[in-house]
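First up is the structure itself, then whatever we jot down about it.
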Amino acid sequence: DRLARIYVAVVLCLAALGFGLWFPVDPEKALHVTVALLVVTCPCAIGIAIPLAYELVQARLRRNGFFARRRSLLDKLPRVRKVLFDKTGTLTLGRLQLEDPAGARALSPELRDAAYDMAARSSHPVSRCIAEALAQAGARFDPDAKVREVPGKGLELERDGHFYRLGKASWAAPDEPEGSATVLSRDQTAAARFRTSEVVRADARREIAALRESGLGVWLISGDDPARVASMAARLGIDEPNARGGQRPEDKAEFVARLDEDDTLYFGDGVNDSLAFERALCAGTPAVDRPVLPGKADFFLLGEGIGGIRAAIDLAKKLQRVVRRNLLVALAYNVLAIGTSLAGWMTPLRAAVLTPRPPGPEPGRTP
């Protein structure tokens, strides 16, 4: 838009200059020079080619689930040198999976049904994960089961003279060492252990490797426990020094500023990422249904993959090269056309014939 305003002003000034130079010599020639100059100068690069290139890039990105919210985003992305990912809900899908689903199928029917009756009555993410696995293993639900939930501990059920518990290891089975597994016990003796892990986006490891191969630095930053963050970083191929856990919202924002806020892209999904969004060069979110982040994000990413981020950076760099090439060609053409017109060699008829007309875009073609 700025270039277009400058272009119009320059062309009008040059037209006035041409008229002023030729009028003392030949008033009719002065009129021909002025008209020829106004006709032959071509604003197609600014008025048609560049806007069309931007729209073609955005259309392609939208097909990949990447929606730019701010017009300046495609100009910012070529400057990105560092990409920061939040963990939960961004690189993961916000749900859990059993590390050993076969363990649920190996339980006896009595244990399987008791565990399912307890897990199915809880809204805790771990319980929902266990209940789903047990249902797939053929567990039956008893609507009359009397399940009691102990806050911060787990669930318990009494049935056929046996006492079942599902929850923290030391609570479910006193002799069981505390650990990351959820324990199913019968009469305070451990009967099964359920270990869960977060479901990572299918393309996360591949896309992070591709970002690193392209020369970008990749960080994992989260408010989660540092040990869990380090474990997730190892799964995704992120260097251990680039994994930071236990980060408060202000810590995330400070870290972005310390890295250099002029070349960082931040991708997060929680309110605790809001301050970091404000400090980063550009920011995006998969959480389009949240009340705060969408209003601060430069882009949305829909779907279960993160490939749209790399595609957007690559296409923005290609777009930048195309725009620069178009402007150089347009500048060379206009300098030649204006010089020819001011010299009096260009007539309005020749100008009309020589003025370039941009061809229509090929279907499905991006710049």
Side-chain angles (χ1 to χ4, degrees), residues 64-66 76-97 99 125 180 195-270 272-277 279-287 293 297-314 316-317:
N64 291 333
F66 185 103
K76 292 179 179 179
L77 287 175
R79 294 157 52 191
V80 170
R81 297 292 177 270
K82 307 177 186 73
V83 181
L84 279 69
F85 289 102
D86 180 41
K87 181 175 72 70
T88 306
T90 51
L91 291 178
T92 68
L93 292 173
R95 59 177 184 262
L96 301 174
Q97 62 183 0
E99 294 182 358
S180 59
R195 296 186 182 276
T196 59
S197 59
E198 294 178 279
V199 179
V200 177
R201 293 181 185 268
D203 64 347
R205 185 177 179 89
R206 181 184 71 244
E207 288 299 320
I208 286 172
L211 288 170
R212 295 182 63 187
E213 287 175 6
S214 65
L216 300 179
V218 178
W219 275 261
L220 179 62
I221 185 167
S222 173
D224 208 346
D225 179 72
R228 294 172 64 88
V229 175
S231 175
M232 179 62 68
R235 290 176 62 187
L236 297 171
I238 298 175
D239 296 334
E240 185 177 349
N242 288 11
R244 291 178 168 264
Q247 300 290 295
R248 299 170 301 168
E250 53 270 29
D251 295 332
K252 293 182 177 183
E254 182 182 345
F255 185 69
V256 170
R258 196 161 60 245
L259 277 182
D260 188 352
E261 57 198 46
D262 291 332
D263 66 359
T264 56
L265 182 153
Y266 191 96
F267 191 60
D269 78 321
N272 59 350
D273 299 310
S274 178
L275 295 177
F277 268 43
R279 303 297 291 271
L281 170 68
C282 53
T285 181
L293 285 188
D298 296 289
F299 66 89
F300 306 140
L301 191 61
L302 305 183
E304 295 199 349
I306 60 170
I309 295 175
R310 180 167 60 94
I313 293 174
D314 291 344
K317 290 178 179 178

Is there a side-chain contact between [X] and [Y] in this structure, where contact means two heavy atoms from C-beta onward sitting under 4.5 Å apart?
X    : Y    : value
M232 : T92  : yes
V83  : F267 : no
I208 : L91  : yes
L259 : L84  : yes
R201 : P286 : yes

For [X], enumerate each residue passing the side chain to side chain contact (heavy atoms under 4.5 Å, CB included) test, keeping only those at least two apart in sequence or located in another chain.
X    : result
L96  : P125, V126, C129, T196, E198
P226 : none
E99  : R195, S197
A257 : E261, R279

Which residues pass the side-chain hydrogen bond (donor to acceptor under 3.5 Å, both in side chains) test with [X], sequence neighbours left out?
X    : value
R212 : D239
R228 : D224
K82  : D263

D86 and K252: CA distance, side-chain angles, deciding distance, salt bridge (Lys or Arg N to Asp or Glu O under 4.0 Å) verdict: CA-CA 10 Å; D86 180 41; K252 293 182 177 183; 3.4 Å; yes
Residue list, salt bridge (Lys or Arg N to Asp or Glu O under 4.0 Å) with [X], at least two apart or on another chain:
X    : result
D262 : none
D225 : none
D203 : none

message: Rounded to the nearest 0.5 Å, what separates atom CD1 in I238 from atom CZ in R244?
response: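 Spacing of CD1 (I238) from CZ (R244) equals 13.5 Å.
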field: Inter-residue atom distance L275.CG - R248.CZ, 0.5 Å rounding
entry: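 It is 11.0 Å, given to the nearest 0.5 Å.
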Please name the pair of heavy atoms, one in [X] and one in [Y], separated by the smallest distance, quoted to 0.1 Å.
X    : Y    : value
G284 : A297 : CA-CB, 4.3 Å
A276 : V256 : CB-CG2, 4.1 Å
A243 : V229 : CB-CG1, 4.1 Å

message: Between R81 (side chain only) and P78 (backbone N and O only), is there a donor and an acceptor less than 3.5 Å apart?
response: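 The answer is yes, because a donor-acceptor pair under 3.5 Å joins these two groups.
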Mutual orientation of the aromatic rings belonging to W219 and F255 [parallel < 30°, tilted 30-60°, perpendicular > 60°]: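 Perpendicular.
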query: Excluding sequence neighbours, so at least two apart, what forms ring pair (Phe, Tyr, Trp, His ring centres under 6.0 Å) with F85?
result: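 Applying ring pair (Phe, Tyr, Trp, His ring centres under 6.0 Å) to F85 gives none.
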- prompt: Checking side chain to side chain contact (heavy atoms under 4.5 Å, CB included) for the pair D298/L281: CA distance, chi angles, key distance, verdict?
  reply: CA-CA 9 Å; D298 296 289; L281 170 68; over 6 Å; no
N/O donor to acceptor pairs below 3.5 angstrom from side-chain atoms of residues 300-314, sequence neighbours left out:
unit_1 : atom_1 : unit_2 : atom_2 : d
R310   : NE     : E207   : OE1    : 2.7
R310   : NH2    : E207   : OE1    : 3.4
R310   : NH2    : E207   : OE2    : 3.0

